Chemist: 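Just dropping this structure here.
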Protein chains: 2
Amino acid sequence: MKRTSHNDKPCGIAQTLGIIGDSWTMLILRNCFMRTRRFDDFQHQLGLTRHVLTDRLKKLVDYGILKKVPYGESGKRYEYLLTHKGKSLAPVFMAMSNWGNEWLFEDSNAPTLYKHQACGQVMQPVMSCSCCGGVVDSSNVKMTMGHAVQETMKQEPEERWDAVLGFSPAQNFEKNNNS
Amino acid sequence: MKRTSHNDKPCGIAQTLGIIGDSWTMLILRNCFMRTRRFDDFQHQLGLTRHVLTDRLKKLVDYGILKKVPYGESGKRYEYLLTHKGKSLAPVFMAMSNWGNEWLFEDSNAPTLYKHQACGQVMQPVMSCSCCGGVVDSSNVKMTMGHAVQETMKQEPEERWDAVLGFSPAQNFEKNNNS
DNA sequence: TATTTTAGGTTCCAAAAAGGAACTTGTCAA
DNA sequence: TTGACAAGTTCCTTTTTGGAACCTAAAATA
């Protein structure tokens, strides 16, 4: 009766969720991005129990998202630092905080702000197309999931580029209409 | 000894994680994007237990991410459809699957593909700046978290635009180096 | 019309994970 | 040498999952 693992599913989303798909892991990483590095700092800032923290840090190190680096004279104390693989999660955080800012807070009260070094402006992170540079959102992108996932969903070939991301206008809903 | 809630934390990331911060919720939504709408379809495709599914669908409806729409003659059977709020999570999924494709699979074997309707190309989703349109990644963006979060982290004002996202070059790490 | 299947759950139980708190082991600093 | 700090580990209790069976109403089929 082991808890279900998503790590063997043939889908980038499922496998990613197998790694970061719990709230403590993501909050630990959020604090890594905010320069927290040490066990007790994570524990005090986040308020999670020590053995959950131990477990999550170990997994993140095993996955290569954090690295455990000795510091101090003795070499028996460690800091947890983001690897390149870990830093590459930045767009996931940006997308999440942008969604949270838009839907969970008043616009004027957004708790997370980003500043783009290249242009110096406070900005919103926008998904764009690697080919044409245009904005990509749920109204103008289609996605396909790879054959293995398709088969578990029993989709026909002609449906494979038809995820809801590219829904028809009739199925759009108003903002703030959740009835 | 209730499980910790992140919904009251003054941070868009924490609150978002309070809502979608578990792996089943995100996989349910992934399947919503793939046009799954009905209870039993979710259950068979994902293989989760029925009462976890009941619980997650209810929460997603309560949060306004899904809407429960009657169908059929009697009006006593329901479909779960993404609201606008739910569809707005598309960038989070794109960022996650893009990270998974890059770090968890061989390049040639990426299980999730995106096609941009505007230009017709298979594309990668790229985070860009709403002001200048340039690429935004961990090397050229800084982030700040809002005063309330800063206070829990005891950061000084001058550190507030200094999240690791904009780390110094000396602290970069090689891809595939997780030692 | 009677029976079966489908949809959307609920109930029950055992196992796993999370929370709370105290305890350990080694370092450092006064 | 005493006390505080860092990084865990251990013990115990409560919540959540997983697995499977059961329930009720609506639709389909024979």
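Predicted, not measured: the structure shown is a model, and the values here were computed from it. Both backbone and side-chain heavy atoms feed into the values below; hydrogens, waters and symmetry mates do not. A note on names: the letters A, B, ... follow the listed sequences, proteins ahead of strands, and every chain is numbered from 1.
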Chemist: Is any side-chain nitrogen or oxygen of A:Arg3 closer than 4.0 Å to OP1 or OP2 of D:dG19?
Modeler: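 Indeed not, no polar side-chain atom of A:Arg3 lies that close.
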Chemist: Any side-chain N or O of B:Trp24 less than 4.0 Å from the OP1 or OP2 oxygen of D:dT17?
Modeler: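 Result: no.
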Chemist: Could you tell me how far apart B:Leu48 (CG) and C:dA16 (P) are, to the nearest whole angstrom?
Modeler: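 Atom CG in B:Leu48 sits about 19 Å away from atom P in C:dA16.
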Chemist: If I take atom CG in residue B:Leu46 and atom P in nucleotide D:dT17, what distance separates them, rounded to the nearest angstrom?
Modeler: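 B:Leu46 atom CG is separated from D:dT17 atom P by 15 Å.
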Chemist: Taking B:Lys87 for its side chain and B:Phe33 for its backbone only, find out whether a donor-acceptor pair lies under 3.5 Å.
Modeler: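 Answer holds: no.
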Chemist: To the side chain of A:Arg38, which of D:dA7, C:dG8, D:dT16 is closest?
Modeler: D:dA7
Chemist: Using a cut-off of strictly less than 4.0 Å, decide whether B:Thr4 has a side-chain nitrogen or oxygen near OP1 or OP2 of C:dA18.
Modeler: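 Result: no.
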Chemist: Between A:Lys68 and A:Tyr78, is NZ or CZ placed under 6.0 angstrom from the six-membered ring centre and within 45° of the ring axis?
Modeler: yes
Chemist: Only pairs at least two apart or in different chains count here, so list each ring-ring contact (aromatic ring centres under 6.0 Å, His included) that has a residue in residues 3-22 of chain A.
Modeler: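 For residues 3-22 of chain A: A:His6-B:Trp24.
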Chemist: Do the side chains of B:Asp55 and B:Lys59 get close enough for a salt bridge, i.e. N-O under 4.0 angstrom?
Modeler: yes
Chemist: Pick base, sugar-phosphate or nothing for A:Phe42, based on heavy-atom distances below 4.0 Å to the nucleic acid.
Modeler: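 Nothing: the residue A:Phe42, judged by heavy atoms under 4.0 Å, touches no strand.
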Chemist: What is the distance, rounded to the nearest whole Å, between atom CZ of B:Arg56 and atom P of C:dT10?
Modeler: 14 Å
Chemist: Is there a side-chain contact between A:Lys68 and the phosphate of D:dG8, meaning an N or O under 4.0 Å from OP1 or OP2?
Modeler: yes
Chemist: Rounded to whole Å, how long is the line connecting atom CD of A:Gln43 with atom P of C:dA22?
Modeler: 13 Å
Chemist: Check the distance between C:dG19's P and A:Leu53's CG and give it to me in whole angstrom.
Modeler: 11 Å
Chemist: In terms of side-chain heavy atoms of B:Tyr80, which of D:dA6, C:dG9, D:dG18 is nearest?
Modeler: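 For B:Tyr80, the side-chain atoms sit closest to C:dG9.
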Chemist: Compare the minimum distances between each of D:dA7, C:dG20, C:dT10 and the side chain of B:His51, then state the nucleotide with the smallest one.
Modeler: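 Nearest listed nucleotide: C:dT10.
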Chemist: What integer distance in Å separates B:Asp55:CG from C:dT11:C1'?
Modeler: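 Between C1' of C:dT11 and CG of B:Asp55: 15 Å.
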Chemist: To the nearest Å, how far apart are B:Asp22 CG and C:dA18 P?
Modeler: 11 Å
Chemist: Among D:dA7, C:dG19, C:dT10, which nucleotide has an atom closest to any side-chain atom of A:Asp40?
Modeler: D:dA7
Chemist: What about B:Arg50: does its side chain form a donor-acceptor pair under 3.5 Å with the base of C:dG8?
Modeler: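 Under the 3.5 Å cut-off, the side chain and the base do form a donor-acceptor pair.
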Chemist: Roughly how far, to the nearest 0.5 Å, is the CG atom of A:Leu48 from the CG atom of A:Leu53?
Modeler: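 With rounding to 0.5 Å, CG (A:Leu53) is 5.0 Å from CG (A:Leu48).
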Chemist: Atom NE2 of B:His44 and atom C1' of C:dG9: how far apart are they, to the nearest Å?
Modeler: 13 Å
Chemist: Between C:dA18, D:dG18, C:dG8, which nucleotide has the shortest distance from any of its atoms to the side chain of B:Tyr71?
Modeler: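 That would be C:dG8.
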Chemist: B:Arg77 has a side chain; which of D:dA26, D:dT16, D:dC11 sits nearest to it?
Modeler: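 The closest nucleotide is D:dA26.
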